[in-house]
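One structure is given below, encoded as structure tokens.
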Amino acid sequence: MASEYTIGVDLGGTSVKVGLTDFRGNIIHKECMPTFAEKGPDKVISQISACIRLVLDNNPVEVEGIGIGSPGAVIASKGTVDYPPNFPGWESIALGKIISESFSMPAYVENDANAAAIGELIFGAGKDLDSFIMITLGTGVGGGIIFERKIFHGTTGAAGELGHISVDYQGRKCKCGNYGCMEAYAGNNYLVEWVEEDLQKHINSLLFKWVHIENEVLTPKLIHEAAVKNDDFAIKVIIKLAQVLGYGISSIINASDIPNVVIGGGVAGFGEFLFKPLNETIIERVMKTHKSRVTLRPAVLKNEAGILGASALVLYQA
Ligand SMILES: [Zn+2]
């Protein structure tokens with residue numbers, strides 16, 4: 001390769017973040033702009049372009065290519081993005097082609113959850129693994145399957161929706177229409193929702209005091225802080241979350257024969273409170289042949305996972 005830099009674009013419903021990164025995964029320069037998703041696709045594309053232009057103008061270096069992590073159904077081979085949620089008026093758009101032509105360089109598009117997995121493969125926790133399952137715990141529960149150092153796309157590109165594996169057929173209703181999806185317990189808003197319900201039965205807990213007497217906002221971070229202060233209820237909440245995830249992940253391992261798991265996203269910050277019971281649940285639930293092979297590790301790319309995952313697409317394709 002001639003250059004040592006790539007551009008990573010993390011496209012979200014509210015903001016677009018663009019970074020210039022080197023081949024080791026360091027972000028050299030970063031810019032952020034509002035997406036203006038409500039103003040329609042033309043405006044979104046002009047915001048993406050303006051943000052890339054700003055980064056390039058500030059850094060007169062040769063760039064190998066542009067990677068874009070996008071919500072919605074992405075057909076990576078065509079660079080198209082179809083119906084991203086929260087992007088009104090957006091149907092099917094050849095985003096890769098548009099950006100590639102605007103900047104006269106290769107552009108690669110992937111679903112954001114797949115980009116996160118590729119980011120860990122190239123720069124992070126999956127560097128030494130041939131195959132692994134990536135789960136990202138955020139607003140939703142994203143997934144990506146890396147098999148023999150390639151992302152598994154399925155027949156139409158929609159593979160890896162691991163958050164919508166149901167762990168209870170009579171469980172909580174998920175926005176996808178199914179019941180008992182992992183996301184319906186572990187997605188940030190769902191998590192807050194069921195913890196709030198349970199909290200009413202634990203009025204002596206520290207978390208109850210913080211939320212209902214001191215008027216703190218119930219967030220995943222607050223749950224973790226209560227667990228750190230040894231609040232029995234908060235610790236049990238995280239154990240329940242770990243069990244739900246463990247049931248789903250053990251099914252994924254049984255189905256895929258891929259025993260390596262990488263967990264990213266904000267809730268992965270629960271640390272050992274989450275990882276210990278999660279590891280125990282997975283090992284308890286997987287089929288015998290996998291028990292001694294299971295590995296569970298936190299993602300390495302933290303706050304900048306979106307930009308770095310997108311940047312990694314360029315290196316992954318090369
Ligand atoms: Zn679902």
Side-chain angles (χ1 to χ4, degrees), residues 1-3 5-13 15-21 23 27 30-33 35-37 39-56 59 62-119 121-123 142 144-146 149-161 304-318:
M1 283 189 203
S3 77
Y5 301 98
T6 63
I7 292 281
V9 179
D10 177 13
L11 177 61
S15 67
V16 52
K17 297 177 193 134
V18 176
L20 177 77
T21 63
F23 283 7
I27 297 180
K30 190 174 84 167
E31 296 287 347
C32 181
M33 285 187 182
T35 308
F36 293 133
K39 295 187 178 168
D42 289 347
K43 183 66 183 171
V44 173
I45 292 165
S46 81
Q47 289 297 98
I48 297 169
S49 298
C51 204
I52 295 172
R53 179 62 59 205
L54 188 58
V55 171
L56 290 174
N59 298 277
E62 196 182 331
V63 171
E64 190 67 28
I66 299 169
I68 304 168
S70 169
V74 174
I75 300 177
S77 59
K78 295 182 184 165
T80 54
V81 177
D82 296 358
Y83 302 99
N86 309 317
F87 284 67
W90 186 304
E91 293 175 354
S92 180
I93 291 176
L95 185 61
K97 187 165 178 277
I98 293 168
I99 296 297
S100 174
E101 284 173 0
S102 299
F103 292 93
S104 304
M105 64 176 86
Y108 308 97
V109 192
E110 257 295 355
N111 166 271
D112 44 15
N114 284 347
I118 292 168
L121 174 74
I122 302 290
F123 298 130
I145 301 164
I146 300 285
R149 300 196 70 80
K150 292 284 170 203
I151 192 89
F152 178 73
H153 280 123
T155 53
T156 64
E161 289 288 352
E304 309 298 355
I307 288 176
L308 289 171
S311 287
L313 298 176
V314 179
L315 303 178
Y316 169 79
Q317 299 284 349

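What you see below is based on every heavy atom in this structure, not just the backbone, and it leaves out hydrogens, waters and symmetry mates.
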Dump the intermediate steps for side-chain contact (heavy atoms from CB on, under 4.5 Å) on Met33 and Leu54, then the final yes or no.
-> CA-CA 10 Å; Met33 285 187 182; Leu54 188 58; 3.9 Å; yes

Side chain proximity check, [X] to [Y], heavy atoms < 4.5 angstrom:
| X | Y | value |
| --- | --- | --- |
| Asp10 | Val16 | no |
| Glu64 | Ile7 | no |
| Phe23 | Thr6 | yes |
| Leu20 | Val63 | yes |
| Ile45 | Ile93 | yes |

Working to the nearest 0.5 Å, report the span between [atom1] of [X] and [atom2] of [Y].
| X | Y | atom1 | atom2 | answer |
| --- | --- | --- | --- | --- |
| Ile52 | Glu31 | CD1 | CD | 12.0 Å |
| Thr156 | His153 | OG1 | NE2 | 10.0 Å |
| Ile118 | Arg149 | CD1 | CZ | 11.0 Å |
| Cys32 | Gln47 | SG | CD | 10.5 Å |
| Leu315 | Leu308 | CG | CG | 10.5 Å |

Closest approach of [X] and [Y], non-hydrogen atoms and distance?
| X | Y | result |
| --- | --- | --- |
| Gly79 | Val109 | O-CG2, 3.8 Å |
| Ser311 | Gly19 | OG-O, 4.4 Å |
| Ala310 | Gly69 | CB-N, 3.7 Å |
| Ser49 | Phe103 | O-CZ, 3.4 Å |
| Ser100 | Met105 | OG-O, 2.8 Å |
| Gly154 | Ala159 | N-CB, 3.6 Å |

Applying side chain to side chain donor-acceptor pair (under 3.5 Å), which residue pairs with at least one partner in residues 69-89 are found, sequence neighbours left out?
->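 Sorted pair list: Asp82-Ser92.
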
Please say which of Leu95, Ile98, Ile66, Val18 ends up in a side chain to side chain contact (heavy atoms under 4.5 Å, CB included) with Ile48.
->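 With Ile48 as partner, side chain to side chain contact (heavy atoms under 4.5 Å, CB included) holds for just one option, Leu95.
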
Does a salt bridge link Glu304 with Lys17, judged by any charged N lying under 4.0 Å from a carboxylate O?
->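 No, this pair does not count.
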
Just jot down the side chain to side chain contact (heavy atoms under 4.5 Å, CB included) partners of Ala117, sequence neighbours excluded, or say none.
->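 Checked Ala117 against side chain to side chain contact (heavy atoms under 4.5 Å, CB included); matches are Met134, Ile146, Ile151.
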
Non-neighbouring partners of Phe87 that pass side chain to side chain contact (heavy atoms under 4.5 Å, CB included), sequence neighbours left out =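 Counting only residues at least two positions away or on another chain, Phe87 forms a side chain to side chain contact (heavy atoms under 4.5 Å, CB included) with Leu11, Thr35, Ala37, Val44, Pro71, Pro84, Trp90.
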
Backbone N or O of Glu110 within a donor-acceptor pair of the Asn114 side chain at under 3.5 Å?
->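 Not confirmed, Asn114 side chain does not pair with Glu110 backbone.
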
Under 3.5 Å, is there a donor-acceptor pair between the side chain of Ser46 and the main chain of Lys43?
->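 Present.
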
Would Leu121 and Tyr316 satisfy side-chain contact (heavy atoms from CB on, under 4.5 Å), going step by step from the backbone distance to the final call?
-> CA-CA 9 Å; Leu121 174 74; Tyr316 169 79; 4.0 Å; yes

